[in-house]
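Chain letters run A, B, ... following the sequence lines, proteins first and then strands; every chain starts at 1. Side chains included, hydrogens not; waters and symmetry mates left out as well; all remaining heavy atoms used.
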Number of protein chains: 2
Amino acid sequence: MKVATWNVNSIRARLERVVAFLERHDPDVVCLQETKVVDEVFPADELRAAGYQCTTIGQKTYNGVAILSKTPAEDVVRAFDDGGDDSQARLIAATIEGVRCVCVYVPNGRSVGSEAYAYKLEWLERLKKLLEQDADPERPLVLTGDFNVAPADIDVHDPEAWRDQVLCSDPERKALRELEDWGLVDGFRSLHPDLVAYTWWDYRQLGFPKNRGMRIDHLLLTRPLLERCEGIEIDREERKGKGASDHAPVLATFAPGPWK
Amino acid sequence: MKVATWNVNSIRARLERVVAFLERHDPDVVCLQETKVVDEVFPADELRAAGYQCTTIGQKTYNGVAILSKTPAEDVVRAFDDGGDDSQARLIAATIEGVRCVCVYVPNGRSVGSEAYAYKLEWLERLKKLLEQDADPERPLVLTGDFNVAPADIDVHDPEAWRDQVLCSDPERKALRELEDWGLVDGFRSLHPDLVAYTWWDYRQLGFPKNRGMRIDHLLLTRPLLERCEGIEIDREERKGKGASDHAPVLATFAPGPWK
DNA sequence: GTCGGCGATG
DNA sequence: CATCGCCGAC
């Protein structure tokens, strides 16, 4: 079983590349972020033609997440439903082939100390509570998406330039670690402890070559799933050429279930 | 002396092509329409480097006209100043080397019978009054720009499709003729009575190939100027390739003055 | 800086 | 339906 995550920054602008990606990798599950469409306009027909069902929660212009799957998505959840703000489409979860797939687009946080930053930290806490209440670390689960957090300095091309900046600040890293403490492992780090690879590139920092960046898109796995993980890779192909998004997809391959 | 007119649809988006055009034709005067910038942001430095002074009247997002000239622009006028609406930057006039140059971007008129259409007809009348009051048909004058009127069916690729439509309707053609009645001649028509050539192409009409269109950009000349006119051409080069505007420039060459 | 959605105009 | 400017996010 193959599970992928990709911040596509508009499913409509990226549709051709997404279809090419599906054909190249033949994943079973694809978690998408920043689809930027309401569900009625989501290009479900085109993706169905490529062999995938679409489970979506979108909004106009901003955010939007989706799960593409070859087989049916069960027990779909599209919001925290915890009494907090659910107006931003940043969370979708479904069970596919017995694996719980949670797809997130964590708020960027704009800048450290801002209101958006507080919302980001809060959002990560709500996510942890969701896991605590509705999930089981002893069951196969993948929490994946654009976390907008680089876990450690090794995940950043220029750690000094980003020191204590948003995406790299200690409180964000701590919030991510606390999420993992529930019972998750960073798939990429776990399988490639010393490998440096980025999933997102930056163009703000002065003199930053456009192909340098950081690793902020993650696949976090519960132990039963990690044990079956046969490989995890970042698809650098998708960053090349015209019409590339500024995020690269991440893929994980698992030995087949069955999960009881 | 060479005088050109060109609807550039944003001087910023077209700057590279405008500079190439200046180098290719070496005109003395260039009348530009739809510059779409306020004067403070007009790329005057780049055009000065190409050897031209800029006389501009612009606004944000819409309209905007300018006169580029190798030699100083005198007696500049940037509005009707007739008590009517001058909020749209569609008119600029200046005297260059003794030739009065009036550059206009006539309102499009949206559709026949609309409010915009009434405004267009009214605008053409105000223009006629301006000539009557401030100009002399016995002096060298060129009234040029995007008139948004195809003078006759011969100027339209598919006259039947455009019959009585905006840009081709009788009232507009009549308003243009009345302007000419003051003492102007359609330079292109006068020198090439049977030649079919378009300055603008269309993409609305179903099945319209993108390179078919109509002639709506004009150079109207007073008799003393017409007598010195040595040639008039439509530059089809500027419609080719990436980054082309949907208007082609029109150029006229005149035997040198002096005008007493 | 760079992109994408949006809205107005042609 | 193509284009461009604008805006907001990153």
Query raised in the report: Is the distance from OP1 or OP2 of C:dC3 to the nearest side-chain N or O of A:R14 less than 4.0 Å?
Result: no

Requested in this report: Report the distance from atom CG of B:L167 to atom P of C:dT9, rounded to the nearest whole Å.
Outcome: 16 Å

Query raised in the report: Counting distance only, does the side-chain N/O of A:K128 pair as donor-acceptor with the main-chain N or O of A:L179 below 3.5 Å?
Result: no

Report summary line: Whole-Å distance, A:K60 NZ to C:dG4 P, equals 19 Å

Query - Shortest side-chain distance from B:R12, nucleotide among C:dG10, C:dC6, D:dC6 - result: D:dC6

Query - Nearest-angstrom distance from the residue atom CG of B:D246 to C1' of D:dC1 - result: 12 Å

Query - Rounded interatomic separation in angstrom, taking CG from B:N7 and C1' from C:dT9 - result: 12 Å

Report summary line: The nucleotide from D:dC10, C:dG10, D:dT3 with an atom nearest the side chain of B:N9 is D:dT3

Report task. Quickly work out the B:Q59 CD to D:dC4 C1' distance and round it to whole Å. Result -> 14 Å

Report summary line: Whole-Å distance, B:Q33 CD to C:dG10 P, equals 13 Å

**Report entry** For B:S245, side chain to side chain contact (heavy atoms under 4.5 Å, CB included) partners two or more places apart
**Finding:** B:W6, B:R14, B:H247

**Report entry** Backbone N/O of B:P27 and side chain of B:Y52: donor-acceptor pair under 3.5 Å
**Finding:** yes

Query raised in the report: Touch check for A:Y105, heavy atoms < 4.0 angstrom, all strands: base, sugar-phosphate only, or nothing?
Result: sugar-phosphate

Report task. Answer yes or no: is there a donor N or O on one side and an acceptor on the other, between the side chain of B:R173 and the main chain of B:A150, under 3.5 Å? Result -> yes

Query raised in the report: Looking only at side-chain N and O atoms, does B:R110 come under 4.0 Å of OP1 or OP2 in C:dA8?
Result: no

Report task. Verify the contact: side-chain N or O of B:S10 to OP1 or OP2 of D:dC4, cut-off strictly under 4.0 Å; return yes or no. Result -> no

Query raised in the report: Quick one: A:H247 NE2 to C:dC3 C1', roughly how many Å, whole number?
Result: 11 Å

**Report entry** Shortest side-chain distance from A:N108, nucleotide among D:dG8, D:dC10, D:dC4
**Finding:** D:dC10

Query raised in the report: Please give, in whole Å, the distance from D:dC10 C1' to A:W200 CH2?
Result: 6 Å

Report task. Could you pull out all residues at least two apart from A:E160 that satisfy side chain to side chain contact (heavy atoms under 4.5 Å, CB included)? Result -> A:D158, A:R163

